[in-house]
Amino acid sequence: VINHEKENIMQHQILSELNTTGADLAALAAQLDVPTIAGLQHQGDVSVVPAGMVDDYRTPKRLVPSAGVPVVRGESGGNTHLLLASGDVRFDQRAATAEDLTLGSLIVGDGATAWLDHPEHGNTGIAPGEYVLRRKREQADELRMVAD
Amino acid sequence: MTRIEKLTAEQEHQLATVRDEWIAHGLSTVPAHRALAVAGVNEAYQAAGLEPPRIVIWLDSPMAGAIGAAYLKHILTDPAQVGDQVRAQVWDQVWDQVRAQVGAQVGDQVRAQVWDQVRAQVRAQVGAQVGDQVRAQVWDQVRDQVRAQVHRACWGQHDYWLCFYDTFRRFGLPGTDRVNGLVQTAQNAGWWWPHRGAVILTERPVEIHRDNQGRLHCETGPAMRYPDGFAIYAWHGTRVPADLVSPGWDAKRVFAEENTEIRRCAVEKIAATDGWDRIVAELGCPQVGSTVDDPGNPGQTLRLYRLENVYDEPVGLLLMTNGTVERDGTRREFGETVPASISDPVAAAAWQIGISPANYRLTARRT
């Protein structure tokens with residue numbers, strides 16, 4: 001895949017599509033120049049918030065499997081935010097509601113990397129550290145989750 | 001038996017031909033070639049060890065086909081002759097056998113090559129952008145027994161996965177001619193439902209419109225329409241309510257929509273040239289606070305407006321722009337609602353994820 005589509009993939013390929021052959025995620029991310037970020041970042045309606053900015057981080061236990069974890073599934077056509085991992089990355093998922101925006105707690109171990117990929121927003125890397133993933137909310141007549 | 005480990009130059013050349021033919025079939029809007037389609041069905045039944053169907057019913061859309069298949073299952077009173085569905089024999093068994101043949105006779109590299117150069121591309125254009133959308137539209141419009149028929153359909157022209165085996169069939173690989181019937185049906189009709197003794201076949205669409213990325217899209221009417229009027233309205237690949245496209249939604253209807261993907265489509269439709277500014281202007285929304293740089297999103301801004309007379313109470317409307325540049329070079333604009341008590345755009349964005357404005361300003365990246 002890398003060779004014959006290389007010219008197309010820089011901007012708009014996402015790791016989960018390229019990873020169907022079991023290729024090394026870290027190598028793919030490097031080829032795609034995906035930045036790896038330790039600070040606060042937002043991918044559409046999902047935010048990666050350093051644990052120090054919130055009070056509901058709880059040390060997660062569950063290893064992220066090679067197939068990844070769908071953090072938020074798209075409602076009208078497959079726009080899923082997918083959490084992928086290389087190395088020791090743990091994520092305990094919670095059901096976010098408009099009153100509780102946290103999708104789960106994430107720990108990226110030393111030497112490990114996590115990624116979020118999304119068909120429209122592309123890939124973003126998450127550096128070693130502790131985070132909560134949060135979803136955006138809106139205030140209309142009532143509080144509601146943003147359905148991206 | 002010698003395995004195919006490398007394609008000849010002529011075979012490599014054929015890959016593009018096979019791919020283009022399957023894409024053309026998948027997007028075809030010409031009427032079904034009924035005689036050839038029925039001949040294909042007969043051959044598919046024979047390959048599965050079944051008698052060809054004596055009853056052939058033609059309907060005008062996948063929607064009609066799903067309803068017809070549900071009726072056929074329940075109404076025909078002679079279950080020994082007609083009724084049980086034989087998709088498993090006609091499709092799955094033949095499929096398994098041909099897959100085993102290809103597996104035994106073709107090396108991994110060649111399989112990967114055909115998979116990438118033929119199947120992946122037909123899947124992207126025909127399967128993901130059209131077949132999946134047709135299935136979802138029928139699924140949304142029916143319930144219960146008819147819904148079950150959505151799963152039991154053969155997709156005919158949208159059966160993109162056949163192109164993989166069709167490639168080896170054209171190379172003359174022994175055993176692959178068992179897909180002849182399925183291929184011939186796919187090349188000559190829309191969706192179809194095999195039953196013992198009877199088959200329901202359906203027409204192809206009469207129109208299909210796509211954007212420059214191959215996604216279903218039409219700004220003035222249905223993106224896909226069948227002879228009986230069954231239609232899919234879509235905006236750049238997202239299925240949307242018909243009235244969003246025609247006559248189009250006013251700003252008030254846009255904000256009543258809970259799904260932001262659909263809401264965004266509506267806004268893109270309303271404001272194809274002017275963006276959110278037209279909505280803000282149309283409603284005469286006053287700006288709240290000043291226009292500020294969007295933290296972590298260089299070159300883009302956050303703006304907050306006050307939105308009245310849309311919801312029961314006034315709310316804030318936060319306008320922002322995606323960090324990611326779309327394939328067409330533009331950036332998507334978003335408008336999302338926040339409590340009216342917030343008077344600063346960064347505070348509004350921070351409220352959306354429940355952190356402090358000071359922390360929000362530390363954003364490293366927004367895509």
>> So if I take each residue of residues 356-367 of chain B and look for any heavy atom under 4.5 Å from a heavy atom in chain A, which residues do I end up with?
In response: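 Heavy-atom contacts from residues 356-367 of chain B to chain A are B:N359, B:Y360, B:L362, B:T363, B:A364, B:R365, B:R366, B:T367.
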>> Are B:I342 and A:Q139 packed together at the side-chain level, in the sense that at least one heavy-atom pair is separated by less than 4.5 angstrom?
In response: no
>> I'd like to verify something: which residue of A:V49, A:V54, A:T124, A:V48 has the highest number of heavy-atom pairs under 4.5 Å with chain B?
In response: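 Top option by heavy-atom pairs under 4.5 Å: A:T124.
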Does [X] [atom1] have over 12 foreign heavy atoms under 6.0 Å away?
{"X": "B:D140", "atom1": "CG", "result": "yes"}
{"X": "B:E12", "atom1": "CD", "result": "yes"}
{"X": "B:R99", "atom1": "CZ", "result": "yes"}

>> Counting heavy-atom pairs closer than 4.5 Å to chain A, which one of B:A136, B:A348, B:P339, B:A120 comes out on top?
In response: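 Result: the option with the highest number of such pairs is B:P339.
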>> Which heavy atom of A:R134 sits nearest to which heavy atom of B:I355, and what is that distance?
In response: NH1-CG2, 4.0 Å
>> Tell me the closest heavy-atom pair linking B:E336 and A:E138, and the distance in Å.
In response: CA-OE2, 3.1 Å
>> For A:S47, which atoms come within 4.5 Å of any heavy atom of chain B: side chain, backbone, both, or neither?
In response: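 A:S47 touches chain B through side-chain heavy atoms alone.
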>> Could you walk me through whether B:I353 and A:H42 satisfy the side-chain contact (heavy atoms from CB on, under 4.5 Å) test, starting with their C-alpha distance in whole Å, then the side-chain angles of each, then the deciding distance to 0.1 Å, before giving a yes or no?
In response: CA-CA 10 Å; B:I353 57 168; A:H42 318 289; 3.7 Å; yes
